[in-house]
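Below you'll find the structure, written out as structure tokens, and then a few comments.
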Amino acid sequence: MGLLDELESEAQRRKSNDDDAAALKAARETAYRTALEPAMGKLFAYLTELVAKLRQLQPKIAIRHALAGYGDVVAYVEHEYDVREARQPSSREITLAFFATVASSECPNVQVEGSARVRAVSALFQRHRLGAPLAASKDASGEIVGATFKAKGRVPLTAVFSADAATGQLRMSFTNFDDFATAVKTVAPDQVSEALYDQIGRYLMREPTELLREVLPEDYRSQLRARVHHDEVKRRWESQIASRQQEDIAMLKREYGLGARFNRLGDAMGKLRGLVSRKP
């Protein structure tokens with residue numbers, strides 16, 4: 001291929017990539033305008049109605065998060081909600097924020113020893129605004145080497161739902177719901193429906209739901225099944241080999257023990273024959 005042909009081929013490749021990028025951008029913008037933007041309006045209306053009912057009914061909703069070095073922090077949702085919507089020409093975002101009050105009487109009273117452990121647990125308490133250590137003990141240099149911890153305060157919970165023309169997807173993030181962290185999930189436009197709103201509502205109320213459970217592709221499922229089968233066969237063979245080794249060892253012990261007894265008997269007979277042959 002000549003130089004001019006190579007340059008023409010590269011130009012065609014770049015044009016094809018540009019056309020693909022333009023088509024993808026147009027598809028995302030269309031998905032946002034036709035599906036996501038109206039769906040975000042429905043989601044905002046759903047959340048507004050949901051929190052109104054929760055304020056009225058005041059259900060007891062528990063939050064339980066494990067904290068490393070301490071234990072479970074138990075809190076109960078306060079039914080004071082803040083639902084806000086931010087709209088731009090090509091994007092829309094909904095934020096739901098509320099608090100859960102820590103039930104100190106249901107949280108452990110933990111005595112932590114060692115300066116390093118005290119610092120680690122204290123840092124977690126400060127990060128999550130769960131209060132300060134109690135009854136701290138210090139060594140001769142004034143360093144804290146022991147302290148008692150008991151959680152108190154409030155746990156902020158935030159759910160953010162955003163969609164824009166650039167991505168053409170719904171992005172959901174939930175902070176401090178399942179643990180002291182943020183979980184994120186993206187949803188395609190064709191999956192945003194009344195069923196999804198219901199899953200979101202149940203998740204916010206801490207009811208069982210598969211909202212954040214990812215659906216694995218079938219080819220990946222097949223790979224996982226093949227791996228599990230391979231591991232099972234491997235464990236079975238390893239078990240059989242170990243069992244056979246134990247049997248072989250037991251057989252060798254029996255044979256060795258029997259041979260040793262025969263050897264000792266042969267030595268005794270040899271000594272006896274020697275005595276008899278020396279007898280006058």
Are [X] and [Y] grouped together when hydrophobic residues (ILVMFWY) are joined by side-chain heavy atoms under 4.5 angstrom apart?
X: F180; Y: V160; value: no
X: F149; Y: V145; value: no
X: V118; Y: L134; value: no
X: F99; Y: V83; value: no

Could you measure the distance from the [atom1] atom of [X] to the [atom2] atom of [Y]? Nearest 0.5 Å is fine.
X: F98; Y: D82; atom1: CZ; atom2: CG; result: 11.5 Å
X: L204; Y: L157; atom1: CG; atom2: CG; result: 9.5 Å
X: E29; Y: L36; atom1: CD; atom2: CG; result: 12.5 Å
X: H65; Y: H128; atom1: NE2; atom2: NE2; result: 9.0 Å
X: S162; Y: Q169; atom1: OG; atom2: CD; result: 10.5 Å
X: L43; Y: L196; atom1: CG; atom2: CG; result: 7.5 Å

Requested in this report: Please report the C-alpha distance between T186 and T167 in whole Å, then the side-chain angles of each, then the deciding distance to 0.1 Å, and finally whether the side-chain contact (heavy atoms from CB on, under 4.5 Å) criterion is met.
Outcome: CA-CA 10 Å; T186 56; T167 63; over 6 Å; no
Query raised in the report: Given the rule in the side-chain contact (heavy atoms from CB on, under 4.5 Å) test, do L57 and H79 qualify, once you have shown the distances and angles that lead to the verdict?
Result: CA-CA 9 Å; L57 298 175; H79 294 289; over 6 Å; no
Report task. Let me see the working for F44 and Y197 under ring-ring contact (aromatic ring centres under 6.0 Å, His included), right down to the final yes or no. Result -> CA-CA 10 Å; F44 182 73; Y197 305 154; over 10 Å; no
**Report entry** NZ or CZ of R129 within 45° of F125 ring axis and under 6.0 Å
**Finding:**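 No cation-pi geometry.
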For [X] versus [Y], what's the shortest heavy-atom pair and its separation?
X: A75; Y: V155; answer: CB-CG2, 4.4 Å
X: A151; Y: S104; answer: O-OG, 2.7 Å
X: M40; Y: L170; answer: SD-CD1, 3.6 Å
X: G71; Y: P108; answer: CA-CG, 4.5 Å
X: Q111; Y: E113; answer: NE2-OE2, 3.0 Å
X: A68; Y: V121; answer: O-CG2, 4.3 Å

Query raised in the report: Should L130 and Y70 be marked as a side-chain contact (heavy atoms from CB on, under 4.5 Å) after you check the CA-CA gap, both sets of side-chain angles, and the distance that decides it?
Result: CA-CA 11 Å; L130 297 174; Y70 174 73; over 6 Å; no
Query raised in the report: So I200 and F161, side-chain contact (heavy atoms from CB on, under 4.5 Å) or not? Walk me through it.
Result: CA-CA 11 Å; I200 291 172; F161 309 89; 3.7 Å; yes
Report task. Please tell me if the side chains of F177 and L212 come closer than 4.5 Å, counting only heavy atoms from C-beta onward. Result ->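 No. Closest side-chain heavy atoms not under 4.5 Å.
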Requested in this report: May I ask you to test the P156-N176 pair for a side-chain heavy-atom distance under 4.5 Å?
Outcome: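 Heavy-atom side-chain distance check passes, below 4.5 Å.
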Query raised in the report: Got a sec, which hydrophobics cluster with V74, joining ILVMFWY side chains under 4.5 Å apart, including via others?
Result: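 Members other than V74 - counting any ILVMFWY side chain reachable under 4.5 Å - are Y76.
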Query raised in the report: Just by modelled atom types, is the K150 backbone N or O under 3.5 Å from a matching donor or acceptor in the N109 side chain?
Result: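 It does not hold such a pair.
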Requested in this report: List for me each residue that meets side chain to side chain donor-acceptor pair (under 3.5 Å) alongside D179, sequence neighbours excluded, and say none if there are none.
Outcome: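 In terms of side chain to side chain donor-acceptor pair (under 3.5 Å), with neighbours along the sequence ignored, D179 is linked to no residue.
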Query raised in the report: Which pairs count as side chain to side chain donor-acceptor pair (under 3.5 Å) when at least one residue sits in residues 32-58, sequence neighbours excluded?
Result: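 Non-adjacent pairs meeting side chain to side chain donor-acceptor pair (under 3.5 Å): R33-S90.
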Requested in this report: Look at D178 together with R206 and state whether they make a salt bridge at an N to O cut-off of under 4.0 Å.
Outcome: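 Salt bridge flag = yes for R206 with D178.
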Query - Atom NZ of K152 with >12 non-hydrogen neighbours under 6.0 angstrom - result: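 Open.
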